[in-house]
A.B. asks: 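My structure is below; once you've seen it, I'll send some questions.
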Amino acid sequence: MPKQYLQNVKLTPQIDTNNIKLEVETNITEKNIEELNYYIETEISFNGQILNITKELINNNYQEIQMNISQNNKEHIIQKWSPNNPNLYYIVYKLYCEDKIIDTVYSYFGMREISIEADKILLNKEPIYLKSILDQGYWKESHLTPPNEESIIKDIDSILELGYNAVRKHQKIEDERFLYWCDVKGVFVWSEMGNCYEFNDKSLQAFTEEWIKVVKQHYNHPSIITWVPINESWGVPNVSTDEKQQNFINSLYYLTKALDSTRPVISNDGWEHTISDIITIHDYKQEWDILSSLYKENIEKVLNNEETFNGKHKAFAKGYSYNGKPIIMSEYGGIAINSDKGWGYGKQVKDEEEFIERFSKLTQVIQSVPSISGYCFTQLTDVQQEINGLMDEERNYKIEPSIIKNINNKR
């Protein structure tokens, strides 16, 4: 590695102006800059066609650069990133000292915008409906480490084959190659942090330091559309009533928004929300008529904290209330086919036919609630004793994927 090099480039698409904002960090010292001329040359291309090249003098080890993507090719129409069209622009950085190249980095970005408008989630200013599946990222032979890149690609292809447009990586910061292939293939990713089990000064500091690294490292991936620092009040068990724990969750929300103002943040996924851009609910009721009664007919009671779900949880912590944000059923299902080797949620179904019936009815109830903007089914694969995956641990489908896809495609 050269003595002076690029440390990080933070890329922020600005689709209204066809610009890309670059925040460049190097290890070049102030003394170096005073003694020598350093430049960064940036080249943007699409499908092999160069669209713009700029060369900027570096006057600080942190520098902002604005580039218009098609400045040198006025005929180019900006190709936005979406699951249906996962268009990627390629970018090359060359760091010069005087006239000599001392570092070269190759990367890419997607031109896309995620926003919240009232109770809708927007992609590139158009409402989207999220059909997501929970994935814990375990493999039988290697646990949390993917055995190879092919296994990552196979999982992503399976997600698409089952008719989902998003994946919720549950309690895991995934291998960078997973995010790359989601960028390439067009799969939304909910990026979720592994949580602490205790609430004390040590856990707060460790968690916050790690979370900052996660957001900075994965910021440039267009597939990531939301940040989830906390799940189901893990590590903040008394957040429903404890103002100190509420303050911590709210501080994570504002910290994340300060690091990344371009994505929504779900500060406590599942229940006992404080400040969140999306209100999420985890409910594993297996009786579709009961689920329908609660959400299709009486969702206002849930949002007003008049009803509990999963036995004891309310949607909001004490002192907080619903303010019209989008709603997502971010965990449901968890159906297991009859077996004594593990567990699922509720009573196990006896066979594939009964699985399809329950899956279909539960999913269609959620799809029929106008105020719900999407869902996340538990889960992609079996994980050890959890036998509620659409695939087993060896990645064999339990149900013909086209059947699941047809049900997902009803919304």
Side-chain angles (χ1 to χ4, degrees), residues 129-136 162-164 166 168 170-171 190 228 231-234 240 266 268-273 276 278-317 322 326-339 342-380 382-383 385-390 398-399 403-404 407-408 410-411:
Y129 190 84
L130 292 176
K131 293 178 278 191
S132 180
I133 191 160
L134 186 142
D135 177 19
Q136 299 191 60
L162 290 160
Y164 294 99
R168 179 180 166 212
H170 185 46
Q171 292 290 291
W190 288 39
V228 185
N231 172 70
E232 292 185 346
S233 306
W234 293 3
S240 182
I266 302 166
N268 184 26
D269 191 64
W271 49 64
E272 296 165 351
H273 286 275
S276 277
I278 300 172
I279 305 306
T280 56
I281 296 169
H282 296 178
D283 200 328
Y284 284 102
K285 290 182 178 64
Q286 299 296 300
E287 302 82 8
W288 70 271
D289 53 337
I290 296 176
L291 198 73
S292 178
S293 175
L294 184 57
Y295 295 102
K296 192 174 181 180
E297 301 170 23
N298 295 296
I299 194 169
E300 294 81 7
K301 290 185 177 180
V302 174
L303 298 176
N304 290 332
N305 269 12
E306 298 171 16
E307 291 277 357
T308 60
F309 42 91
N310 281 357
K312 59 180 180 179
H313 300 290
K314 292 186 176 181
F316 295 93
Y322 182 61
I327 304 162
I328 288 183
M329 182 70 72
S330 60
E331 284 189 33
Y332 82 103
I335 308 164
I337 298 176
N338 187 37
S339 172
W343 61 272
Y345 288 91
K347 185 179 178 181
Q348 295 184 357
V349 296
K350 63 182 180 182
D351 53 28
E352 292 181 17
E353 184 178 351
E354 191 173 328
F355 181 101
I356 294 167
E357 180 184 24
R358 186 182 296 181
F359 175 88
S360 177
K361 287 182 175 179
L362 291 175
T363 302
Q364 288 184 60
V365 164
I366 299 168
Q367 291 173 333
S368 69
V369 181
S371 57
I372 291 181
S373 295
Y375 54 82
C376 179
F377 180 80
T378 302
Q379 61 182 317
L380 182 62
D382 290 351
V383 178
Q385 77 279 3
E386 298 182 32
I387 56 167
N388 49 15
L390 294 177
K398 299 178 184 179
I399 307 296
I403 296 173
I404 303 298
I407 295 167
N408 281 321
K410 289 184 178 178
R411 173 64 190 262

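Since we're looking at a predicted model, the values are computed, not measured.
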A.B. asks: Measure from the side-chain N and O atoms of N388 to the backbone N and O of I335, and report whether any donor-acceptor pair falls under 3.5 Å.
C.D. replies: no

A.B. asks: Evaluate the side-chain contact (heavy atoms from CB on, under 4.5 Å) criterion for residues V302 and I281: first the C-alpha distance (whole Å), next the side-chain angles of each, then the deciding distance (0.1 Å), finally the verdict.
C.D. replies: CA-CA 10 Å; V302 174; I281 296 169; 4.1 Å; yes

A.B. asks: If only side-chain N and O atoms count, and only distance matters, is there a donor-acceptor pair under 3.5 Å linking S371 with Y295?
C.D. replies: no

A.B. asks: Walk me through whether Y164 and I404 qualify under side-chain contact (heavy atoms from CB on, under 4.5 Å).
C.D. replies: CA-CA 9 Å; Y164 294 99; I404 303 298; 4.0 Å; yes

A.B. asks: Test side-chain contact (heavy atoms from CB on, under 4.5 Å) on L380 and L134; report intermediate values, then the result.
C.D. replies: CA-CA 6 Å; L380 182 62; L134 186 142; over 6 Å; no

A.B. asks: Where do I337 and I399 come nearest, in terms of heavy atoms and distance?
C.D. replies: CD1-CD1, 4.5 Å

A.B. asks: Do you know which two heavy atoms are closest between I407 and S360, and how far apart they sit?
C.D. replies: CD1-CB, 3.7 Å

A.B. asks: Does any N or O in the side chain of S368 come within less than 3.5 Å of the main-chain N or O of V365, such that one atom is a donor and the other an acceptor?
C.D. replies: yes

A.B. asks: Give, for atom CG of L390 and atom CD1 of I133, the distance between the pair rounded to the nearest 0.5 Å.
C.D. replies: 4.5 Å

A.B. asks: Specify the closest pair of heavy atoms between W271 and H313, including all atoms of both residues, with the distance to one decimal.
C.D. replies: CZ2-NE2, 3.3 Å

A.B. asks: Determine the minimum heavy-atom distance between L294 and T308, stating which atoms define it.
C.D. replies: CD2-O, 4.4 Å

A.B. asks: Any side-chain to backbone donor/acceptor pair from Q385 onto W343? Under 3.5 Å, distance only.
C.D. replies: no

A.B. asks: Which atom pair, heavy atoms only, marks the closest approach of R411 to K131?
C.D. replies: O-NZ, 3.0 Å

A.B. asks: Can a side-chain donor-acceptor contact be found between Q136 and Q379 if the only test is distance below 3.5 angstrom?
C.D. replies: yes

A.B. asks: Could you tell me which non-hydrogen atom of S373 sits nearest to which non-hydrogen atom of P326, and how far apart they are?
C.D. replies: OG-CB, 4.1 Å

A.B. asks: Measure the spacing between CD1 of I278 and CD1 of I328 and express it to the nearest 0.5 Å.
C.D. replies: 5.0 Å

A.B. asks: So does W288 have more than 12 non-hydrogen atoms from other groups sitting under 6.0 Å from CH2?
C.D. replies: no

A.B. asks: What residue pairs, at least two apart or across chains, pass ring-ring contact (aromatic ring centres under 6.0 Å, His included) with a residue in residues 348-374?
C.D. replies: F359-F377

A.B. asks: Go through the structure and list residues passing side-chain hydrogen bond (donor to acceptor under 3.5 Å, both in side chains) with E272, not counting sequence neighbours.
C.D. replies: S233

A.B. asks: Judged by modelled atom types alone, do Y322 and N305 share a side-chain donor-acceptor pair under 3.5 Å?
C.D. replies: no

A.B. asks: Okay, side chain of N298, backbone of S293: is any donor-acceptor separation there less than 3.5 Å?
C.D. replies: yes

A.B. asks: Does the side chain of Q286 come within less than 4.5 Å of R358's, by heavy atoms?
C.D. replies: yes

A.B. asks: Step by step, work out the side-chain hydrogen bond (donor to acceptor under 3.5 Å, both in side chains) result for Y375 and Q367.
C.D. replies: CA-CA 8 Å; Y375 54 82; Q367 291 173 333; 3.3 Å; yes

A.B. asks: Could you check I366 against Y332 for side-chain contact (heavy atoms from CB on, under 4.5 Å), going step by step and ending with a plain yes or no?
C.D. replies: CA-CA 10 Å; I366 299 168; Y332 82 103; 3.5 Å; yes

A.B. asks: State plainly whether the residues D289 and K361 are in salt-bridge range, i.e. N to O under 4.0 Å.
C.D. replies: no

A.B. asks: If you round to the nearest 0.5 Å, how far is CG of N338 from CG of D351?
C.D. replies: 9.0 Å

A.B. asks: Inspect the surroundings of CD in E353 and state if more than 12 heavy atoms from other residues, nucleotides or ligands are less than 6.0 Å away.
C.D. replies: no

A.B. asks: Got N231 and H282 here, is their nearest side-chain heavy-atom distance under 4.5 Å?
C.D. replies: yes

A.B. asks: Measure the spacing between CZ of F316 and NZ of K314 and express it to the nearest 0.5 Å.
C.D. replies: 12.5 Å

A.B. asks: Among T280, D269, T378, D135, find the one that has a side chain to side chain donor-acceptor pair (under 3.5 Å) with R168.
C.D. replies: D269

A.B. asks: How long is the gap from OG on S330 to CD1 on I266, to the nearest 0.5 Å?
C.D. replies: 6.5 Å

A.B. asks: Just by distance, do the side chain of D283 and the backbone of K285 share a donor-acceptor pair under 3.5 Å?
C.D. replies: yes

A.B. asks: Working to the nearest 0.5 angstrom, can you tell me the gap between S292 OG and E297 CD?
C.D. replies: 5.0 Å

A.B. asks: Have E331 and Y284 got a donor and an acceptor in their side chains that come within less than 3.5 Å?
C.D. replies: yes

